[in-house]
Amino acid sequence: MLEDDTGLVLGVSRSAGNRRWIWRDPLLAEADNRLALGMAQRAAIPELLARILTARGVTATEAASFLAPRLRNMPDPSCLQDMDKAADRLAQAVRKHEHIGLFGDYDVDGACGTALVCDTLRELGCTVSTHIPDRMTEGYGPNTPALEKLVSEGATLLVCIDCGTAAIDILNGFHGQTDVIVLDHHKPDGSILPNGIVVNPNRLDCTSGLGAICATAVAFLTMVATVRLLRRDGWFTDGRVAPDLLKCLDLAALATICDVMPLTGLNRAFVMQGLRVMARGERLGLATLSSVAGVKEEANAMACGFALGPRINAGGRIAKANLGLRLLLSEDVVEARALAEELDNVNRQRQSLEAGILAQAMEQAEQQIEANHAVIFLHGETWHPGVVGIVAGRLKERFNRPALVGALADGIIKGSARSVPGLDIGAAIIAARQSGLLLTGGGHAMAAGFSLEADNAATFHELLDNTLSEARALPVQDALRIDGLTTLRGASLEVAAQLARLAPFGPGNEEPVLAISNVRCVKTDRIGKDGNTLRVMFQGEDGGTRLKALVFRAGDKPFVPLLEDRTMPLLHLAGHLRVETWQERQNLTFFISDVSSA
């Protein structure tokens with residue numbers, strides 16, 4: 001790997017994508033590499049991996065467990081506040097063959113967590129009913145009619161998954177009528193919790209240190225604790241077989257990725273092990289959805305985040321809320337295929353709705369940035385509430401600001417928020433709710449939901465600007481952090497394979513970005529159904545070495561005209577080097593994040 005001494009990678013202060021190229025860890029770039037060399041020798045790994053790991057704060061003693069995390073190092077589920085109470089109540093339900101009602105959220109985390117608990121409890125002999133609320137008619141979180149219906153069907157225990165922490169009044173209404181367990185990870189509104197058993201690593205009195213796990217992970221740990229208790233009590237005798245909980249890790253992995261949890265620590269172990277389970281194709285619904293979605297590669301974080309997750313989410317956004325859960329639970333080939341195809345069709349409708357809103361939202365967001373707002377807050381009367389969260393995510397990516405987008409109907413704005421690392425949007429929304437400004441609101445650091453009267457919109461925006469004022473100091477386009485610098489000849493299958501050992505990638509463990517210096521674009525093609533993917537062939541200065549590259553969403557990328565410049569100027573590239581396998585052949589592809597004139 002080459003080094004650059006200017007403080008900027010390749011001296012790029014403003015690329016064609018309007019970004020500065022900087023080292024992920026500037027101090028390491030300037031210092032000697034004794035730490036990385038020591039790690040490479042001690043952990044017996046290539047120096048490139050050692051340099052990247054060192055820059056991410058991984059020590060030599062941690063390198064092996066980072067590259068191959070194991071669940072044997074998983075914390076004791078009992079470290080979560082009230083986990084033992086939840087396991088004891090669930091074990092009691094198993095022993096008595098009780099009827100259990102599950103109420104899950106309408107997103108991927110809610111569907112996966114509900115499917116995981118449902119599968120396990122049914123395998124343990126319980127009767128289980130499920131309910132996923134309709135976003136439009138029921139809204140987020142538990143509601144009395146739905147819970148009453150579960151009780152009327154015979155449920156003697158209600159379990160809320162990925163929701164319930166804030167539903168104090170509603171759940172307290174069932175006190176004395178039926179028992180309630182909440183398995184959640186959303187931040188509570190203060191220290192008061194619903195009556196019942198609440199397992200939530202973000203409750204104020206929980207000292208587990210697991211606040212960054214999703215609700216499905218909480219559900220998995222709860223099932224581990226329940227099965228452990230039943231085993232200690234000798235339940236698995238006389239032919240009773242304990243459920244294989246490891247087979248549920250595919251759901252924990254999918255939910256962790258789609259709920260944008262940091263892929264470090266326990267989450268990294270959940271995802272790495274869960275992707276291996278998913279690759280076996282044993283869960284019919286996910287295997288069928290992968291086929292319908294055209295996922296050709298082995299299960300990975302990208303397939304979960306960009307192919308499977310959006311389709312499971314689509315039902316809860318604009319169609320039947322329980323489609324995703326039904327697919328995850330399906331054991332019938334014909335049914336699974338029909339559900340997967342329906343979700344695929346709904347996802348295309350979702351994409352169309354999103355595109356119609358996004359153009360308007362981008363223009364309005366530009367105006368708010370120019371007006372020096374710290375936070376983007378938009379709402380529209382014709383905007384569909386099922387896609388505003390996706391639009392908020394796109395605005396956050398484009399402007400590097402917390403973004404809130406809502407749908408206005410009958411004088412009420414209901415919406416979703418997305419934030420950037422380091423700015424806790426969930427806490428800001430909870431504070432606004434506590435002040436009386438919001439009708440509803442809650443979430444976690446990176447994502448949240450809210451509703452308010454339209455007359456309070458300006459006041460709410462002002463409060464957000466004040467609460468998250470440090471966002472003003474962020475560049476509109478975040479600097480691109482580079483992990484390594486190489487030439488076209490140095491970009492090889494071997495290097496790409498080394499980088500792949502750092503997967504799974506996501507928040508907290510971003511995919512390494514390489515800068516490749518001094519190349520020319522000798523061929524471009526627009527490909528894909530909509531022509532929005534650019535396929536590029538690069539050639540090195542030696543005239544012989546070539547490398548295939550791709551740009552997704554080419555229409556959104558300001559650097560694309562430079563690639564299509566027929567004068568073939570000398571360029572620097574930044575992006576991800578990956579090994580792709582097609583028909584048992586390995587191919588090297590560079591996925592472009594940015595381009596600069598050399």
Side-chain angles (χ1 to χ4, degrees), residues 105-112 132-137 254-255 257-260 278 283-297 299-330 333-362 380 382-398 405 407 415-416 418 447 526-535 550-557:
D105 190 21
Y106 43 59
D107 68 357
V108 175
D109 194 14
C112 287
I132 302 293
D134 183 277
R135 182 189 294 259
M136 301 293 290
T137 61
L254 180 61
I257 292 165
C258 294
D259 226 40
V260 201
M278 195 182 298
R283 189 173 301 277
L284 177 62
L286 284 182
T288 306
L289 187 61
S290 294
S291 173
V292 168
V295 176
K296 299 179 176 63
E297 64 274 4
N300 57 39
M302 183 172 292
C304 290
F306 292 95
L308 304 182
R311 286 168 171 80
I312 293 173
N313 251 339
R317 290 189 181 280
I318 63 172
K320 301 171 189 173
N322 67 348
L323 285 175
L325 174 62
R326 289 173 58 198
L327 177 69
L328 294 175
L329 292 174
S330 179
V333 173
V334 175
E335 177 193 50
R337 186 75 187 185
L339 288 169
E341 289 178 349
E342 185 172 2
L343 283 169
D344 190 55
N345 290 331
V346 171
N347 189 55
R348 280 196 287 270
Q349 297 172 33
R350 186 271 304 169
Q351 290 172 326
S352 177
L353 286 170
E354 176 193 337
I357 296 172
L358 189 59
Q360 303 174 51
M362 283 289 185
T382 61
W383 294 359
H384 194 291
V387 300
V388 293
I390 301 173
V391 174
R394 294 288 296 277
L395 295 178
K396 181 262 297 185
E397 292 173 4
R398 169 64 181 82
V405 182
S416 296
R418 300 292 184 269
R526 294 278 185 154
I527 61 175
K529 293 180 180 179
D530 54 2
N532 204 25
T533 298
L534 185 70
R535 182 170 56 195
L550 292 173
V551 181
F552 294 121
R553 291 182 185 166
D556 299 339
K557 304 297 191 300

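Hydrogens, waters and symmetry mates play no part in the numbers below; they use all other heavy atoms, side chains included. All values reported here derive from a predicted model rather than from experimental measurement.
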Mind checking side chain to side chain contact (heavy atoms under 4.5 Å, CB included) for [X] and listing every partner two or more places apart, or none if nothing turns up?
X      : result
Asp259 : Asp107, Asp109, His185, Cys214, Met261, His444
Ala301 : Ile257, Pro504
Met136 : Asp134, His384, Pro385

Report the distance from atom [atom1] of [X] to atom [atom2] of [Y], rounding to the nearest 0.5 Å.
X      : Y      : atom1 : atom2 : answer
Leu286 : Cys112 : CG    : SG    : 7.0 Å
Ser290 : Met278 : OG    : CE    : 7.5 Å
Asp556 : Asn532 : CG    : CG    : 6.5 Å
Thr288 : Leu343 : OG1   : CG    : 11.5 Å

ask   = Any side-chain heavy atom of Arg526 within less than 4.5 Å of one from Thr533?
value = no
inquiry  = Can you confirm whether Ile312 sits close enough to Leu254 that some side-chain heavy atom of one is under 4.5 Å from a side-chain heavy atom of the other?
reply    = yes
task = List in chain and number order the residues that pass salt bridge (charged side-chain N to carboxylate O under 4.0 Å, His left out) with Glu335, two or more places apart in sequence or in another chain; answer none if no residue qualifies.
result = none
Can you sort out the partners of [X] under side-chain hydrogen bond (donor to acceptor under 3.5 Å, both in side chains), two or more places apart, ordered by chain and number?
X      : answer
Arg311 : Asp344
Arg135 : none
Gln360 : Trp383
Thr382 : none

message = Please find the pair of heavy atoms, one from Ser416 and one from Ala392, that lie closest to each other, and give the distance.
response = O-CB, 3.9 Å
request  = Locate the shortest heavy-atom distance separating Gly305 from Cys258; write the atom from each residue and the value.
outcome  = CA-SG, 4.4 Å
key: Intermediate values then yes/no, side-chain contact (heavy atoms from CB on, under 4.5 Å), Ile527 and Leu550   = CA-CA 10 Å; Ile527 61 175; Leu550 292 173; 4.2 Å; yes
For residues 313-329, please give each side-chain donor-acceptor pair under 3.5 Å, one per line with the distance, not counting sequence neighbours.
residue : atom : partner : partner atom : Å
Asn313  : OD1  : Val108  : N            : 3.2
Arg317  : NH1  : Gly386  : O            : 2.9

key: Residues that Phe552 engages under ring pair (Phe, Tyr, Trp, His ring centres under 6.0 Å), provided they are two or more places apart   = Phe591
task = Sorted by first residue and then second, give each side chain to side chain donor-acceptor pair (under 3.5 Å) pair with at least one member in residues 350-359; sequence neighbours left out.
result = Asn347-Arg350, Arg350-Glu354, Glu354-Arg394
query = So which pairs with a foot in residues 299-308 pass salt bridge (Lys or Arg N to Asp or Glu O under 4.0 Å), sequence neighbours left out?
reply = none
ask   = Among Val388, Leu358, Val387, whose side chain to side chain contact (heavy atoms under 4.5 Å, CB included) with Val405 holds?
value = Val388
